[in-house]
Amino acid sequence: MSLSPPVRVRFAPSPTGYLHVGGARTALYNYLFAKRYGGKFILRVEDTDTERSSEEFIRMQLADLKWLGLDWDEGPDFETLKDSGEYGPYRQSQRQDIYKKYAEKLIESGQAYYCFLTDAEIDEQRQRAQREGRPPHVDSPYRDWTLEKAKERMSNGETAVVRFKVGEKKDYTFKDLVRGEVVFPSDMVGDFVLLRSSGMPVYNFCCAIDDALMKITHVFRAEEHLSNTLRQMMIYETLGFTLPEFGHMSIILGSDKQKLSKRHGATSCNEYKERGFLPEALLNFVALLGWSSPDGEEVMSVDQLTSKFAVDRLNSSPAVFDEAKLLWMNATHLRALPNAKIFERLKPYLDAQGLKFTGGPEWQNQAIETFKSSMQTLQDGVGLFTHLSETPIQMTDEGREALAWPTSRKVLEVWKAGLENLPGEFLTEAEFMELQNTVKEKAEVKGKQLFQPIRVAVIGSPHGTELKLLIPLLQKHILIDRAEQALANMSSQ
RNA sequence: GUUCCCUUCGUCUAGGGGUUUAGGACAGCCCCCUUUCACGGGGCAGACACGGGUUCAAAUCCCGUAGGGAACGCCA
């Protein structure tokens with residue numbers, strides 16, 4: 001299916017840090033919409049805030065997007081930052097000539113003007129307006145100055161911002177794809193800044209010009225931009241551009257119902273990546289924050305999301321980011337993967353911890369098969385695989401309790417002796433079962449008195465993976481070392 | 001303060017006048033499976049913010065109120 005004119009959507013992050021999960025959702029919806037209707041997904045970098053933006057941040061954002069698999073058709077390359085696409089440059093900091101040209105056009109036609117108001121003056125105006133119960137708009141005395149007069153004042157080096165001259169009061173109406181008809185009275189805003197005194201343009205101005213010049217047909221963005229739409233509509237109107245369609249989705253909240261922010265814990269995609277979340281799970285989860293599938297399905301791949309995506313199922317009320325559900329979503333996506341794939345995904349996380357394993361594909365397969373039901377994240381996998389490495393185990397309090405049982409010493413002594421008598425690098429499941437039986441008879445214990453001390457001597461905790469599956473994954477010498485260690489611990493107490 | 005947006009189980013949501021004793025998912029609780037922990041299976045509990053209208057009929061439409069959010073920046 002395709003729409004005419006051809007769909008062009010964009011994601012326009014401002015590079016002031018890692019990609020936020022809210023940004024990921026915005027990017028995803030735009031991406032899905034483009035794919036669904038055979039359109040183009042454009043990436044534009046809104047780096048006009050030179051104080052907070054940096055190339056480093058751009059790279060971080062692009063790397064996060066890349067990790068999520070949300071590939072863009074036009075925009076900077078994620079490594080070289082070199083543009084591809086015919087509507088570039090795609091970084092606003094490199095489009096200043098364009099903005100300047102349009103600003104001059106507006107100044108010359110009297111629809112914008114130079115303003116010399118200082119911060120202090122503006123602040124005072126705002127406070128007075130607040131006190132008197134008026135909207136805190138700037139009321140510039142320079143509004144009606146002639147261009148000559150303003151230029152004269154600037155000729156001695158004084159700088160000025162360029163403000164848009166808001167016209168006579170009227171209503172601006174548009175049909176929001178998510179919210180339906182939205183009406184803004186024009187006096188909702190005062191004369192707003194187009195160009196900073198440094199000459200650098202401001203968000204609303206660039207955004208309007210770029211969306212128009214880049215032939216963007218649909219703008220899906222967060223609700224916080226809803227009221228910006230008014231200013232952008234004014235710019236579109238005076239410049240004679242055709243308005244794109246807008247869809248403002250609800251914001252994402254933290255568990256305290258406040259806008260999701262750092263104090264809620266992880267908010268950046270990168271943090272979720274590091275904590276071992278799968279990109280497809282994170283995408284699936286955020287997709288459901290404000291959108292639902294027509295068939296009620298919840299667990300979906302990006303391809304399935306693409307084929308089911310439609311704007312009429314976008315929800316306009318805010319959604320709380322529930323990490324418990326994300327965890328479940330991640331576990332579900334993880335378990336759906338073939339074992340070899342899971343290992344492949346886990347590998348970088350193991351490497352990062354310096355964990356090396358000599359086991360081949362069959363060993364890897366067995367290990368994943370054994371552990372996957374208790375993994376929610378890849379980091380859980382790291383913890384589990386650590387048990388299989390030479391890394392010394394961490395003893396839990398419960399573990400110590402189990403070792404303190406009167407029968408535990410005998411169990412471990414027999415266990416260790418039995419291990420030492422066995423040939424080969426690894427135990428087979430059958431060998432383990434036999435040895436466990438020997439321990440049972442010689443130590444005269446059964447049930448948890450039998451297997452919990454053994455498990456503690458292997459992983460440090462009485463709870464965990466079934467022993468007959470776990471033991472064959474461990475090299476015998478590691479098992480012996482750990483049995484010795486456990487026995488040593490017992491004597492020292 | 002002004003303008004705009006939002007309001008269904010704890011959370012994400014379905015439902016958009018009668019099909020609803022308001023459905024599903026996560027979390028919670030219980031049971032089964034299980035020599036532990038998980039996984040898996042089954043079950044229980046849990047919501048239409050409030051007040052007015054419109055209508056034979058309202059979770060659904062309208063108006064208020066309350067609560068939350070956004071914007072009013074030389075942030076985006």
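Every chain is numbered from 1, with letters handed out A, B, ... down the list of sequences.
- Here B:U54 sits opposite no nucleotide as a Watson-Crick or G-U wobble pair (both hydrogen-bonding atom distances under 3.5 Å).
- Nucleic acid contact class of A:V299 (heavy atoms, under 4.0 Å, all strands): none.
- Taken residue by residue, residues 373-388 of chain A places heavy atoms nearer than 4.0 Å to RNA chain B at A:S373, A:S374.
- Atom-to-atom, CG of A:N315 to C1' of B:A14 comes out at 10 Å; the value is rounded to the nearest Å.
- Both A:L289 and A:V183 lie close to RNA chain B; mapped to their nearest nucleotides by heavy-atom distance, the more 5′-ward contact belongs to A:V183.
- If you check every strand for non-hydrogen atoms under 4.0 Å, A:R128 touches nothing.
- Heavy atoms of A:Q436 sit under 4.0 angstrom from at least one base atom.
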Please tabulate the protein-to-nucleotide N/O contacts below 3.5 Å involving nucleotides 74-76 of chain B, giving atom names and distances.
unit_1 : atom_1 : unit_2 : atom_2 : d
B:C74  : O3'    : A:R196 : NE     : 3.3
B:C74  : O2     : A:S197 : N      : 3.2
B:C74  : O2     : A:S197 : OG     : 3.0
B:C74  : N3     : A:S197 : OG     : 2.8
B:C75  : OP2    : A:R196 : NE     : 2.5
B:C75  : OP2    : A:R196 : NH2    : 2.6
B:C75  : O3'    : A:R196 : NH2    : 2.9
B:C75  : O2'    : A:D49  : OD2    : 2.8
B:C75  : O2'    : A:R52  : NH2    : 3.1
B:A76  : OP1    : A:T48  : OG1    : 2.5
B:A76  : OP1    : A:D49  : N      : 3.2
B:A76  : OP1    : A:R196 : NH2    : 2.6
B:A76  : OP2    : A:R196 : NH2    : 3.3
B:A76  : OP2    : A:Y203 : N      : 3.0
B:A76  : O3'    : A:E46  : OE1    : 3.1
B:A76  : O2'    : A:S14  : OG     : 3.3
B:A76  : N6     : A:N228 : OD1    : 3.1
B:A76  : N6     : A:N228 : ND2    : 3.4
B:A76  : N1     : A:N228 : ND2    : 3.2

For nucleotides 22-24 of chain B, list the nitrogen or oxygen atoms of the protein found under 3.5 Å from its nitrogen or oxygen atoms, one pair per line.
unit_1 : atom_1 : unit_2 : atom_2 : d
B:G24  : N2     : A:E298 : OE2    : 3.0

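- When both pairing distances are held under 3.5 Å, B:G46 makes no Watson-Crick or G-U pair with any nucleotide shown.
- Under the Watson-Crick or G-U wobble criterion, with both distances below 3.5 Å, B:U3 is paired with B:A70.
- Residue pairs meeting the salt bridge (Lys or Arg N to Asp or Glu O under 4.0 Å) criterion with at least one partner in residues 276-292 of chain A, sequence neighbours excluded, are A:E280-A:R345.
- With salt bridges taken as basic N to acidic carboxylate O contacts below 4.0 Å, one links A:D187 and A:K169.
- Take A:Y142 and apply the ring pair (Phe, Tyr, Trp, His ring centres under 6.0 Å) test, not counting sequence neighbours, and it matches A:F116, A:W145.
- Put simply, A:K257 has a side-chain N or O that comes within less than 4.0 Å of OP1 or OP2 on B:U11.
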Using nucleotides 41-45 of chain B, report all nitrogen or oxygen pairs with the protein that are shorter than 3.5 Å.
none

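- Under a 4.0 Å N-O distance rule, the pair A:R91/A:E55 qualifies as a salt bridge.
- Contact detail for A:A486 and A:A457: the closest heavy-atom pair is CB-CB, 4.0 Å.
- If you take CZ of A:F432 and C1' of B:U35, they are 11 Å apart, rounded to a whole angstrom.
- Distances shorter than 4.0 Å separate some side-chain N or O of A:S292 from OP1 or OP2 on B:A14.
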